[in-house]
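Atom set for the values below is all heavy atoms of this structure, side chains included, hydrogens, waters and symmetry mates excluded. It should be emphasised that the depicted structure is a prediction, and the values quoted were computed from it without experimental measurement.
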Amino acid sequence: MTLSELAGKRAPQSLLTNVPRLVAHYYETRPDPENPAQQVAFGTSGHRGSSLGGTFNEAHILAVSQAVAEYRAGAGIGGPLFMGLDTHALSEAAWSTALRVLVANGVRVHVQPGFFTPTPLVSHAILEHNRAQQGGTADGIVITPSHNPPQDGGFKYNPPSGGPADTDVTAQVQARANELLRDGLRGVKQVTLADALAAATPFDFVTPYVEQLPQVVDLDIIRSSGVRIGVDPLGGSSLPVWEAVEARYGLGLTIVNREIDPRFAFMPVDRDGKIRMDCSSPYAMAGLLEMKGDFDVAIGNDPDADRHGIVTPDGLLNPNHYLAVMIEYLFQHRPGWNAEAGVGKTLVSSAIIDRVAAGLGRRLVEVPVGFKYFVDGLLSGDLGFGGEESAGASFLRMDGRPWSTDKDGLIPGLLAAEMTARTGKTPSERLRDLTARHGETAYSRVDAPANAEQKKVLSNLSPEQVTATTLAGDPITAKLTRAPGNGAAIGGLKVTTEYAWFAARPSGTEDVYKIYGESFRGEEHLAQVFEEARDVVSAALSGG
């Protein structure tokens with residue numbers, strides 16, 4: 001990908017979203033229900049799109065909210081529905097639409113008055129309510145497109161497990177929503193916004209979450225150590241949570257940016273020239289990186305706070321590297337966890353995690369891309385940790401009970417401060433120790449062109465279609481089209497050797513497939529891995 005000349009620089013006026021125009025299109029544009037590109041489509045993180053392209057409009061949210069209401073009624077989910085939202089321009093409009101439909105269907109909706117509500121707080125609230133077993137089973141919705149550009153909107157449904165809905169649930173919701181769209185929304189129940197707001201139940205998401213934080217992170221040692229902590233919410237919904245953390249615990253935490261702007265005008269531009277609140281990108285995190293010398297640990301979150309970015313005086317940690325650092329530290333400092341609790345990783349996460357897990361004597365559970373595959377393990381305590389390559393993770397409370405079964409971007413940040421306070425070494429210093437023992441890696445991702453038919457073939461490959469026996473000079477040790485941790489289809493291909501691997505998956509939105517790769521032999525070897533990966537995939541796609 002070509003580096004934009006704007007990368008890392010504050011967004012110019014020409015890049016800023018026209019919010020009134022965006023919201024007008026949300027209400028006025030009518031998506032074509034026969035156009036697959038304008039239908040409701042749940043990916044790994046719910047339905048996403050933009051009102052300007054007819055992919056995230058009021059019609060979509062009316063339909064999907066009705067479908068969720070019908071699903072939960074059919075599944076016997078009769079407790080409250082906890083609803084959150086982030087700071088994207090379309091989030092409040094979509095939140096209002098969803099509330100009107102849910103209330104019309106008799107759903108008791110719990111909302112945070114006057115505040116945006118992050119994803120992990122919704123997951124935490126669902127689990128807390130269902131653990132108490134009072135007032136029926138609860139579920140939740142978060143209105144967010146995660147770290148996507150300001151003009152995007154998103155809708156996620158979390159069932160009573162507290163985490164992202166699995167495919168069997170989203171397939172039902174998606175099918176019913178598209179049926180409602182084709183039928184002109186005649187089956188959608190609605191009340192006025194005034195009636196919906198009057199019927200909603202005010203709920204404090206922040207206080208219970210903040211009060212229970214000592215159950216998952218050692219805040220006492222952070223406070224007593226004097227570790228200097230910086231926080232940049234990147235204009236997102238984590239701001240009131242971080243403010244409450246500092247007010248309650250006095251950690252000496254400095255929030256470096258309190259600005260909320262649906263245009264995200266304060267953001268440095270990402271690598272490709274777009275505004276994107278990606279806390280794992282050094283370009284989007286340029287503002288916090290300029291202050292890296294002011295803090296021992298600095299933390300960034302995306303708008304719904306389900307991702308983390310960790311900055312030390314050495315710079316921004318690679319997300320994969322910090323997953324490995326967290327895993328090694330947690331499994332050495334959480335004696336209350338089940339001795340059999342495993343380590344969960346997605347199949348495109350770094351292989352250094354495999355080596356760390358082996359060094360700890362812990363079972364590795366490698367799953368397809370999608371945090372939903374960690375939900376059951378975190379809920380039962382079978383997994384102590386679940387993390388994915390895109391800076392998303394959650395882990396258990398100190399006593400082994402679940403904390404959140406969706407990604408939580410706040411607790412990895414606080415854990416970075418805990419490990420610095422306890423060991424006297426920052427996460428980047430601990431990474432140097434870790435790689436000295438397990439090896440340094442080169443990791444990257446590239447795209448390659450593929451049309452719709454080729455992407456379909458790639459999604460349904462079998463290992464037998466891969467005829468190569470070596471990769472970048474080493475014997476191939478595995479050809480995977482199903483994840484070894486749970487047997488689920490990966491929707492692509494992963495090929496491994498002792499020293500390297502690549503994984504190829506089709507893009508859901510572009511005519512490309514994504515190639516992830518890693519090598520323990522350095523950057524030149526990784527380049528060879530990518531070159532041969534294209535040949536391997538091309539041969540498999542052509543049947544040769």
Side-chain angles (χ1 to χ4, degrees), residues 40 42-49 56 60-61 64-65 67-69 71-72 77 80-99 101-102 107 109-113 115-130 138-148 152-166 169-170 173-174 177 200-201 203-206 208-209 233-241 262 277 301-308 370-372 374-375 390 392-394 403-411:
V40 172
F42 275 80
T44 55
S45 297
H47 173 74
R48 293 183 184 177
F56 192 89
H60 295 108
I61 306 307
V64 76
S65 300
V68 166
Y71 167 77
R72 70 192 308 274
I77 303 170
L81 183 145
F82 295 96
M83 190 157 69
L85 76 163
D86 74 3
T87 52
H88 276 77
L90 290 174
S91 292
E92 192 158 358
W95 180 92
S96 299
T97 300
L99 183 64
V101 174
L102 295 166
V107 179
V109 186
H110 284 34
V111 300
Q112 176 88 42
F115 280 119
F116 299 101
T117 310
T119 287
L121 273 67
V122 172
S123 178
H124 181 269
I126 294 169
L127 297 185
E128 284 294 287
H129 177 92
N130 292 339
D139 55 359
I141 288 170
V142 188
I143 308 295
T144 175
S146 189
H147 65 297
N148 278 24
D152 284 8
F155 182 110
K156 296 195 305 183
Y157 174 63
N158 288 29
S161 61
D166 206 347
V169 175
T170 57
V173 171
Q174 176 179 306
T201 301
F203 182 81
D204 182 357
F205 286 85
V206 174
Y209 178 94
L234 298 183
S237 59
S238 66
L239 175 60
V241 189
M277 291 65 69
N301 293 123
D302 67 335
D304 73 315
D306 72 344
R307 297 184 183 218
H308 60 270
F371 204 80
K372 61 188 179 184
F374 300 129
V375 172
S390 56
S394 189
W403 170 255
S404 68
T405 47
D406 209 329
K407 294 176 284 189
D408 188 326
L410 294 108
I411 57 173

Worksheet item: From Ser123 OG over to Lys156 NZ, what is the distance, rounded to the nearest 0.5 angstrom?
Response: 9.0 Å
Practice prompt. Indicate yes or no: at least one non-hydrogen side-chain atom of Pro208 is less than 4.5 angstrom from one of Glu128.
Written response: no
Item to complete: Start with the C-alpha distance between Phe155 and Tyr157, add both sets of side-chain angles, then the distance that settles ring pair (Phe, Tyr, Trp, His ring centres under 6.0 Å), and finish with yes or no.
Response: CA-CA 7 Å; Phe155 182 110; Tyr157 174 63; 7.9 Å; no
Item to complete: Please round to the nearest 0.5 Å and tell me the distance separating atom CG of Asp306 and atom CG of Leu410.
Response: 10.0 Å
Discussion item. By the definition side-chain contact (heavy atoms from CB on, under 4.5 Å), identify the one residue from Asn301, Asp152, Asp302, Leu234 that meets it with His147.
Written reply: Asp302
Worksheet entry | Between OG on residue Ser404 and CZ on residue Phe371, distance to nearest 0.5 Å | 6.5 Å
Practice prompt. May I have the step-by-step check of side chain to side chain contact (heavy atoms under 4.5 Å, CB included) for Ser394 and Ile411, ending in yes or no?
Written response: CA-CA 8 Å; Ser394 189; Ile411 57 173; 4.2 Å; yes
Worksheet item: Have Thr405 and Ser161 got a donor and an acceptor in their side chains that come within less than 3.5 Å?
Response: no
Worksheet item: More than 12 non-hydrogen atoms from neighbouring residues, nucleotides or ligands closer than 6.0 Å to CD on Glu92, yes or no?
Response: no
Worksheet item: Which atom names give the shortest non-hydrogen contact between His129 and Ala138, and what distance separates them?
Response: CD2-CB, 3.5 Å
Worksheet item: Do Pro118 and Val241 touch side chain to side chain, with heavy atoms closer than 4.5 Å?
Response: yes
Practice prompt. Output the distance between atom OG1 (Thr117) and atom CE (Met83), rounded to the nearest 0.5 Å.
Written response: 9.5 Å
Discussion item. Closer than 3.5 angstrom, by distance alone: can the side chain of His47 be matched with the main-chain N or O of Gln174 as a donor-acceptor pair?
Written reply: no
Worksheet entry | Ile61 to Ala94 - nearest heavy-atom pair and separation | CG2-O, 3.5 Å
Practice prompt. Would you confirm whether Ser237, through its side chain, and Pro303, through its main-chain N or O, come within 3.5 Å as a donor-acceptor pair?
Written response: yes
Worksheet item: Nearest 0.5 Å, what's the CD1-CG distance between Ile126 and Leu81?
Response: 7.5 Å
Worksheet item: Considering all heavy atoms of both residues, which atom of Arg48 and which atom of Ser146 are nearest to each other, and what is their separation?
Response: NH2-CB, 3.2 Å
Worksheet entry | Flag side-chain contact, heavy atom, 4.5 Å: Phe116 against Asp86 | no
Worksheet item: Side chains of Asp408 and Tyr209: do they bring a donor and an acceptor to under 3.5 Å?
Response: yes
Worksheet item: Do you know which two heavy atoms are closest between Gly163 and Val375, and how far apart they sit?
Response: CA-CG2, 3.8 Å
Discussion item. Nearest 0.5 angstrom please: Ile141 CD1 to Leu102 CG, how far?
Written reply: 5.0 Å
Discussion item. Asp139 and side-chain contact (heavy atoms from CB on, under 4.5 Å): which single residue from Asn158, Ile77, Val169 fits?
Written reply: Ile77
Fill in: Shortest non-hydrogen contact between Ser390 and Arg307, atoms and distance
O-NH1, 3.1 Å
Worksheet item: Are the side chains of Gln112 and Val206 in touch, meaning some heavy atoms are under 4.5 Å apart?
Response: yes
Fill in: Atom CZ of Phe115: over 12 foreign heavy atoms under 6.0 Å
no
Discussion item. To check you understand the geometry: which heavy-atom pair defines the closest contact between Trp95 and Val111, and what is its length?
Written reply: CZ2-CG1, 3.5 Å
Worksheet item: So, His110 versus Phe82, ring centres under 6.0 angstrom or not?
Response: yes
